[in-house]
K.L.:
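A single structure is presented below for examination.
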Amino acid sequence: MAMMALVFGLLTATLLLFGSFGDAAPCADCFSQSRAAYYPNSDDKGTETGRCGYGAFGATINNGYVAAVSDLYRDGLGCGACYQVRCTNGKYCSDKGVNVVITDHGSSHDTDFIMSRRAFGRMAQNMDAGASLLALGVVDIEYRRVSCSYPNKNITIEIDESSSNPHYLAFVIWYQQGMEDITAVQLCETQSYTCKLLDRSYGAVWTATSPPSGPLSVRMLLRDENGDEKWIVPVNDIPDNWKAGDIYDSGAQVIA
């Protein structure tokens, strides 16, 4: 009997140990608790001066359902990520909430999100409830990362206004689908395929002093939530006569 009790005790301890490991595993679909506010001095959509460097595009992407974040900004790595955000006040809030794209960095009143007015009101059950949410100013929320989706859009590159051919090249990447982060970018000469690793200047802005000459291929390293990495190589190149303000369709997209 003593031996059986010992075996049973060891088995129970083992099961509890494995149960603890299971509980500690990350949950990609789980919500985190926080608070959210909204831009007080902007129009219905987002801001054109966000710290991700998107400019006017950052105010209108995702139909203006955008947000600034604090810790989730991750030194610019979080720019372009998508989150489902829903408030928790059952009197005003819907179960679905709203999906927002990160375009800026900021915090207020112990919040993780500062949302556009449009996105903040979208968390509500209806327009009247939305007005009540806006009147509150700051609300409790829960959020989780979700896959970005841009139907009929390829990854797109905008040449930043600070660029000057052939001395300095800066660009921003738009319309990346899925849940992966762009952790590195290479600029390659298409003829010799000599590549140069770019610097993340800030936010989603990638830069190169004395960039390679000729048509250029942009290679992006993507990392998922499990740490797995892969390179994506766009079909279309940046032409050799690129200039500030130009926008190029890469011809490629991440399968979300």
Side-chain angles (χ1 to χ4, degrees), residues 34-87 93-94 96-124 127 129-139 141-153 155-162 170-179 181-182 200-206 245 247 256:
S34 186
R35 288 159 61 84
Y38 63 91
Y39 289 107
N41 299 317
S42 67
D43 58 16
D44 193 42
K45 298 181 181 180
T47 176
E48 297 185 0
T49 58
R51 281 292 299 166
C52 286
Y54 292 129
F57 175 76
T60 59
I61 186 175
N62 196 36
N63 293 318
Y65 297 115
V66 298
V69 290
S70 50
D71 292 343
L72 296 174
Y73 181 76
R74 295 180 290 150
D75 293 324
L77 192 64
C79 290
C82 296
Y83 289 87
Q84 180 186 4
V85 184
R86 59 190 189 189
C87 52
C93 303
S94 70
K96 184 178 180 180
V98 62
N99 287 1
V100 296
V101 178
I102 303 311
T103 61
D104 195 8
H105 175 263
S107 62
S108 174
H109 302 292
D110 298 320
T111 65
D112 274 309
F113 290 83
I114 302 177
M115 307 166 73
S116 64
R117 291 175 61 94
R118 171 174 292 195
F120 196 86
R122 184 74 173 188
M123 293 189 293
M127 290 185 62
S132 297
L133 281 184
L134 289 168
L136 291 174
V138 181
V139 295
I141 62 159
E142 53 186 17
Y143 67 90
R144 64 180 176 183
R145 188 166 182 181
V146 294
S147 180
C148 296
S149 178
Y150 302 107
N152 305 315
K153 295 286 188 182
I155 292 175
T156 301
I157 295 171
E158 181 197 33
I159 308 298
D160 190 77
E161 293 295 339
S162 64
F171 61 80
V172 182
I173 299 171
W174 298 352
Y175 296 130
Q176 178 206 347
Q177 291 194 153
M179 292 178 62
D181 297 322
I182 299 177
R200 186 191 293 272
S201 176
Y202 71 95
V205 180
W206 298 90
I247 298 174

K.L.:
Taking side chain as C-beta onward, heavy atoms only, is Ile155 less than 4.5 Å from Tyr150?
P.N.:
no
K.L.:
Using a 3.5 Å distance criterion without hydrogens, assess whether the side chain of Asp160 forms a donor-acceptor pair with backbone atoms of Phe171.
P.N.:
no
K.L.:
Can you name the side chain to side chain contact (heavy atoms under 4.5 Å, CB included) partners of Ala67, sequence neighbours left out?
P.N.:
Val100, Ile102, Phe113, Met115
K.L.:
Here's a test for you: under side-chain contact (heavy atoms from CB on, under 4.5 Å), which of Ile141, Val138, Val139 qualifies with Thr111?
P.N.:
Val138
K.L.:
Please report the closest heavy-atom contact between Lys45 and Ala59, naming both atoms and the distance.
P.N.:
CB-O, 3.1 Å
K.L.:
Hey, is the main chain of Gly76 close enough, under 3.5 Å, to the side chain of Arg200 for a donor-acceptor pair?
P.N.:
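Side chain of Arg200 to backbone of Gly76, a donor-acceptor pair under 3.5 Å: yes, one is there.
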K.L.:
For Gly46, is there any backbone N or O sitting under 3.5 Å from a side-chain donor or acceptor partner on Tyr39?
P.N.:
no
K.L.:
Show the numbers, then the answer: is there a side-chain contact (heavy atoms from CB on, under 4.5 Å) between Ile61 and Trp174?
P.N.:
CA-CA 9 Å; Ile61 186 175; Trp174 298 352; 5.9 Å; no
K.L.:
Taking C-beta and beyond as the side chain, do Tyr175 and Thr156 meet within less than 4.5 Å on heavy atoms?
P.N.:
yes
K.L.:
Would you sort out whether Arg86 and Lys96 count as a side-chain contact (heavy atoms from CB on, under 4.5 Å), showing the intermediate values?
P.N.:
CA-CA 7 Å; Arg86 59 190 189 189; Lys96 184 178 180 180; over 6 Å; no
K.L.:
Check whether any side-chain heavy atom of Met123 lies under 4.5 Å from a side-chain heavy atom of Val85, and answer yes or no.
P.N.:
yes
K.L.:
Please assess Val146 against Asn99 for the test side-chain contact (heavy atoms from CB on, under 4.5 Å), listing each intermediate value before the final yes or no.
P.N.:
CA-CA 8 Å; Val146 294; Asn99 287 1; 4.0 Å; yes
K.L.:
So, do Tyr143 and Ser34 sit near enough that their side-chain heavy atoms are less than 4.5 Å apart?
P.N.:
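Answer yes - side chains close enough.
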K.L.:
State, to 0.1 Å, how close Leu133 and Ala124 come at their nearest heavy-atom pair, and which atoms those are.
P.N.:
CD1-CB, 3.6 Å
K.L.:
With sequence neighbours excluded, what pairs up with Tyr65 under the ring pair (Phe, Tyr, Trp, His ring centres under 6.0 Å) test?
P.N.:
none
K.L.:
Between atom SG of Cys52 and atom CD1 of Ile173, what is the distance when rounded to the nearest 0.5 Å?
P.N.:
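Cys52 SG to Ile173 CD1: 12.5 Å, rounded to 0.5 Å.
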K.L.:
Contact between Ser149 and Gln177 at the side-chain level, heavy atoms closer than 4.5 Å - yes or no?
P.N.:
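Counting from C-beta outward, Ser149 and Gln177 do come under 4.5 Å.
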K.L.:
Please lay out, stage by stage, how Asp110 and Arg35 fare under the test salt bridge (Lys or Arg N to Asp or Glu O under 4.0 Å).
P.N.:
CA-CA 7 Å; Asp110 298 320; Arg35 288 159 61 84; 5.6 Å; no
K.L.:
Could you grab the distance from atom CZ of Arg118 to atom CG of Asp44, nearest 0.5 Å is fine?
P.N.:
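The CG atom of Asp44 is 4.5 Å from CZ of Arg118, to the nearest 0.5 Å.
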K.L.:
Other residues, nucleotides and ligands only: do more than 12 of their heavy atoms fall within 6.0 Å of CZ on Arg122?
P.N.:
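Counting other residues, nucleotides and ligands, CZ of Arg122 stays at 12 neighbours or fewer.
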K.L.:
Tell me if a side-chain donor or acceptor on Tyr54 pairs with a main-chain N or O of Gly80 at a distance below 3.5 Å.
P.N.:
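Confirmed, Tyr54 side chain pairs with Gly80 backbone.
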K.L.:
How close do Gly106 and Ala68 get, heavy atom to heavy atom, and via which atoms?
P.N.:
N-CB, 4.0 Å
K.L.:
Would Val66 and Asp104 satisfy side-chain contact (heavy atoms from CB on, under 4.5 Å), going step by step from the backbone distance to the final call?
P.N.:
CA-CA 9 Å; Val66 298; Asp104 195 8; over 6 Å; no
K.L.:
Please answer whether the main-chain N or O of Gly50 pairs with a side-chain N or O of Thr103 as donor and acceptor at a distance below 3.5 Å.
P.N.:
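Pair absent, no side-chain N/O of Thr103 close to backbone of Gly50.
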K.L.:
For residues Glu158 and Phe57, determine if any side-chain heavy atom of one lies less than 4.5 Å from a side-chain heavy atom of the other.
P.N.:
no
K.L.:
From Cys93 SG over to Glu142 CD, what is the distance, rounded to the nearest 0.5 angstrom?
P.N.:
9.5 Å
K.L.:
Under the side-chain hydrogen bond (donor to acceptor under 3.5 Å, both in side chains) rule, what pairs show up with a residue in residues 68-85, not counting sequence neighbours?
P.N.:
Ser70-Asp112, Arg74-Asp181, Gln84-Arg144
K.L.:
When you measure from the side chain of Thr60 to the backbone of Asn63, do you find a donor-acceptor pair of N or O atoms at a distance under 3.5 Å?
P.N.:
no
